[in-house]
Amino acid sequence: MKALQDPRDSHAAPTIAARRRFLRQAGAGCAALAAGLHAGQAQAAEFTFKYGNNLPMTHPMNVRAKEMAEKIAAESRGRVDLQVYSNGQLGTDTDMLSQVRSGAIDFFTISPEVLGTLVSAGQISGVGFAFRDYEQVWAAMDGELGAYVRKEIAARTSLFAFEKCWDNGYRQVTTSTRPIVTPEDFKGMKLRVPPSPLATSLFRGFDAAPTSINFAEVYSALQTKIVEGQENPLAVISTVKFYEVQKFCSMTNHVWSGFWFMGNKKSFERLPKDLQEIVARNINEAGLKQRVDVKALNASLVADMKGRGLQFNDIDNAAFRAKLRSAGFYAEWHKKFGDDAWGLLEKITGKLA
């Protein structure tokens, strides 16, 4: 941008000084103009919403969320500004859950495991070794079981859930000490789990030592050996680079994990009905697209992470389900969820307890 003059020219020093003053003034003017334009755009939006999540911007959730926000802005003709805060910028899962309940933020994508700390039925999709495949998952979550959970959320909290669950993928176990091949391999293992009673109960059923650690702290906990392993879908394992601090990945498929896209009722009800429709439709459509993205990404990641040194193995799921059954895990959670919710789950999965 600057046209440099030869310092040997007798007029160079004052000319350069003058140009530098001009550029500083012009730069300041441009910055002020940019700030003014940004402020003008912010003021132009009648409704500004904050949406928080804990995943990197490169994850399909945030790729689709950014696209979704742009569509909402376009279709509402700038009346709605949905701001995406990724990677835990607004705090931990428990922080953001508290904020969305109070209205400090407007939207939050929450895993069923964490939702279970607020609404017990919210975590029923996290029952271990329940869903055989994605066909069963979406039959449940887009069907009667999902409707039951949404009704419970609305009845018991200041929140509501949009119709379509977003995908996180089947959860796998990574470790630094030994692979998980049989249920006995879990015995005594220090394993990070989400802050969820159901997840804790699941791994206690295998005689492991589950420890609840917020997601933002998991990498350092693995790196410093506070825990030996963790469990997450492959897309998360890859995007957060857990393969840098783990040696084994056991394809347990022990739990399907998704995200409920949650909203604060009062915040959303500020919108006129036409804008509510635009926001809801785009959030649900983005969720459906994200499901396709996550499934494809998870399928492609085994080869990629093998190349990065992670060692993979498969397991016999029937042996793990049998262990949970003998440990009383299914009977315990049938009692906690109640006959209605459990009946809707087993309507899809078949008999568990």
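Q123 is linked by a side chain to side chain donor-acceptor pair (under 3.5 Å) to nothing, counting only residues two or more places apart in sequence or in another chain.
Side chain of S267 to main chain of N264: no donor-acceptor pair is present (N/O by atom type, distance under 3.5 Å, no hydrogens or angles). In this structure, the side chain of Q136 engages the main chain of R132 through a donor-acceptor pair within 3.5 Å. In this structure, T239 contributes its side chain and A235 its backbone to a donor-acceptor pair below 3.5 Å. Judged by distance alone, the side chain of S120 and the main-chain N or O of G116 form no donor-acceptor pair under 3.5 Å. Listed for the S300 side chain is a donor-acceptor partner under 3.5 Å among the backbone atoms of L297. The main-chain N or O of T175 is found under 3.5 Å from a side-chain atom of Q246 such that the two form a donor-acceptor pair. A donor-acceptor pair under 3.5 Å links the side-chain atoms of D133 to the main chain of E135, judged by distance alone. R150 places a side-chain N or O within 3.5 Å of a backbone atom of E163 that can act as its donor or acceptor partner. Under the 3.5 Å distance criterion, the side-chain polar atoms of E346 are left unmatched by any main-chain donor or acceptor of G343.
Within a 6.0 Å sphere centred on NZ of K164, heavy atoms belonging to other residues, nucleotides or ligands number more than 12. Heavy atoms from other residues, nucleotides or ligands lying under 6.0 Å from NZ of K336 number more than 12. No more than 12 heavy atoms of other residues, nucleotides or ligands sit less than 6.0 Å from atom NZ of K347. Residue R325 qualifies as enclosed at atom CZ: its count of foreign heavy atoms under 6.0 Å is above 12. Enclosure of atom CD in E144 is not indicated, since only 12 or fewer non-hydrogen atoms of other residues, nucleotides or ligands lie within 6.0 angstrom.
Looking at heavy atoms from C-beta onward, L145 lies in side-chain contact with L345 at the 4.5 angstrom threshold. Side-chain contact between L191 and V227 is absent, with no heavy atoms from C-beta onward closer than 4.5 Å. Residues K247 and L310 have side chains not in contact (no heavy-atom distance under 4.5 Å, counting atoms from C-beta outward). Between F206 and M189, every side-chain heavy-atom pair lies at or beyond the 4.5 Å cut-off. With a 4.5 Å cut-off on side-chain heavy atoms, F259 and I110 do not count as touching. In this structure, R171 and T252 have side chains that are not in contact, with every pair of non-hydrogen atoms separated by 4.5 Å or more. Proximity of V149 to E152: side-chain heavy atoms (C-beta onward) are nowhere separated by under 4.5 Å. The closest side-chain heavy-atom distance from Y85 to N54 is not below 4.5 Å.
A salt bridge between R64 and D167 is absent, with no side-chain N of the basic residue lying under 4.0 Å from a carboxylate O of the acidic one. Taking a cutoff of 4.0 Å between a charged side-chain nitrogen and a carboxylate oxygen, D81 and K50 do not qualify as a salt bridge. A salt bridge is absent between E277 and K273: the closest approach of a Lys/Arg side-chain nitrogen to an acidic carboxylate oxygen does not fall below 4.0 angstrom. Salt bridge E67/K289: present, at least one basic N to carboxylate O contact under 4.0 Å. Between E217 and R192, none of the side-chain N atoms (NZ, or NE/NH1/NH2) sits under 4.0 Å from a carboxylate O, so this pair counts as no salt bridge.
With values rounded to the nearest 0.5 angstrom, D106 atom CG is found 8.0 Å from L82 atom CG. A distance of 9.5 Å separates OG in S238 from NE2 in H59, rounded to the nearest 0.5 Å. Here CZ of F215 is found 10.5 Å from OG of S111. Values are rounded to the nearest 0.5 Å. With rounding to the nearest 0.5 Å, the separation of CD1 in I226 from CD1 in I213 is 6.0 Å.
Donor-acceptor pairing under 3.5 Å is lacking for the side chains of W256 and N168. Between the side chains of S158 and R101, not a single donor N or O lies within less than 3.5 Å of an accepting N or O. Checked by atom type, the side-chain pair H334/D339 shows a donor-acceptor distance below 3.5 Å. With hydrogens and angles left out, the side-chain atoms of E332 and Y330 include no donor and acceptor closer than 3.5 Å. Of the N and O atoms on the side chains of T177 and E228, at least one donor lies less than 3.5 Å from an acceptor on the other residue. Side-chain contact of N53 with N62: a donor-acceptor pair under 3.5 Å is present, judged by distance alone. For D95 and S98, the side-chain atoms include no donor-acceptor pair closer than 3.5 Å. Looking at Q172 and N253, their side chains do bring a donor and an acceptor atom within 3.5 Å of each other.
Of all the heavy atoms in Q276 and E269, the pair that sits closest is NE2-CA, 3.8 Å. Here the shortest heavy-atom pairing between P233 and N298 reads C-OD1, 4.4 Å.
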Next item on the list: Verify side-chain hydrogen bond (donor to acceptor under 3.5 Å, both in side chains) between N313 and Q311, making sure each step is shown before the conclusion.
Entry: CA-CA 7 Å; N313 68 276; Q311 300 176 36; over 6 Å; no

Checklist line | Residue pair I315, V181: steps toward the side chain to side chain contact (heavy atoms under 4.5 Å, CB included) verdict | finding: CA-CA 6 Å; I315 68 160; V181 181; 5.5 Å; no

Notebook entry, point to check: Do Y51 and F107 pass the ring-ring contact (aromatic ring centres under 6.0 Å, His included) test, and can you show the C-alpha distance, the side-chain angles, and the key distance before you say yes or no?
Noted result: CA-CA 4 Å; Y51 158 52; F107 301 116; 7.2 Å; no

Next item on the list: Applying side-chain hydrogen bond (donor to acceptor under 3.5 Å, both in side chains), run through S196 and E113 and close with a yes or a no.
Entry: CA-CA 5 Å; S196 155; E113 296 85 4; over 6 Å; no

Next item on the list: Might you work through the ring-ring contact (aromatic ring centres under 6.0 Å, His included) test for F268 and F47, ending with a clear yes or no?
Entry: CA-CA 10 Å; F268 189 67; F47 306 95; over 10 Å; no

Next item on the list: Could you check F49 against R270 for side chain to side chain contact (heavy atoms under 4.5 Å, CB included), going step by step and ending with a plain yes or no?
Entry: CA-CA 11 Å; F49 294 100; R270 290 188 295 122; 3.4 Å; yes

Notebook entry, point to check: Between M96 and Q99, does a side chain to side chain contact (heavy atoms under 4.5 Å, CB included) hold up when you go through it step by step?
Noted result: CA-CA 5 Å; M96 286 188 281; Q99 289 175 62; 4.3 Å; yes

Next item on the list: Decide yes or no on side chain to side chain contact (heavy atoms under 4.5 Å, CB included) for I237 and Q230, but give the supporting numbers first.
Entry: CA-CA 9 Å; I237 293 168; Q230 63 84 48; 3.7 Å; yes

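In the hydrophobic cluster analysis, where Ile, Leu, Val, Met, Phe, Trp and Tyr join through side-chain heavy atoms closer than 4.5 angstrom, V236 is grouped together with L222. Linking Ile, Leu, Val, Met, Phe, Trp and Tyr whenever their side-chain heavy atoms come within less than 4.5 Å leaves V114 and V218 in two separate clusters. Both Y243 and L301 belong to a common hydrophobic cluster when Ile, Leu, Val, Met, Phe, Trp and Tyr are linked at side-chain heavy-atom distances under 4.5 angstrom. A continuous path of Ile, Leu, Val, Met, Phe, Trp and Tyr side chains, each step under 4.5 Å between heavy atoms, connects I105 with I153, placing both in one hydrophobic cluster. Taking hydrophobic clusters as Ile, Leu, Val, Met, Phe, Trp and Tyr residues chained together by side-chain heavy-atom distances below 4.5 Å, L271 shares a cluster with F160.
Here Y170 and H254 keep their ring centres 6.0 angstrom or further from each other. Two rings, from F131 and F129, have their centers 6.0 Å or more apart.
Using cut-offs of 30° and 60° on the angle between ring planes, the pair W333 and F337 is tilted.
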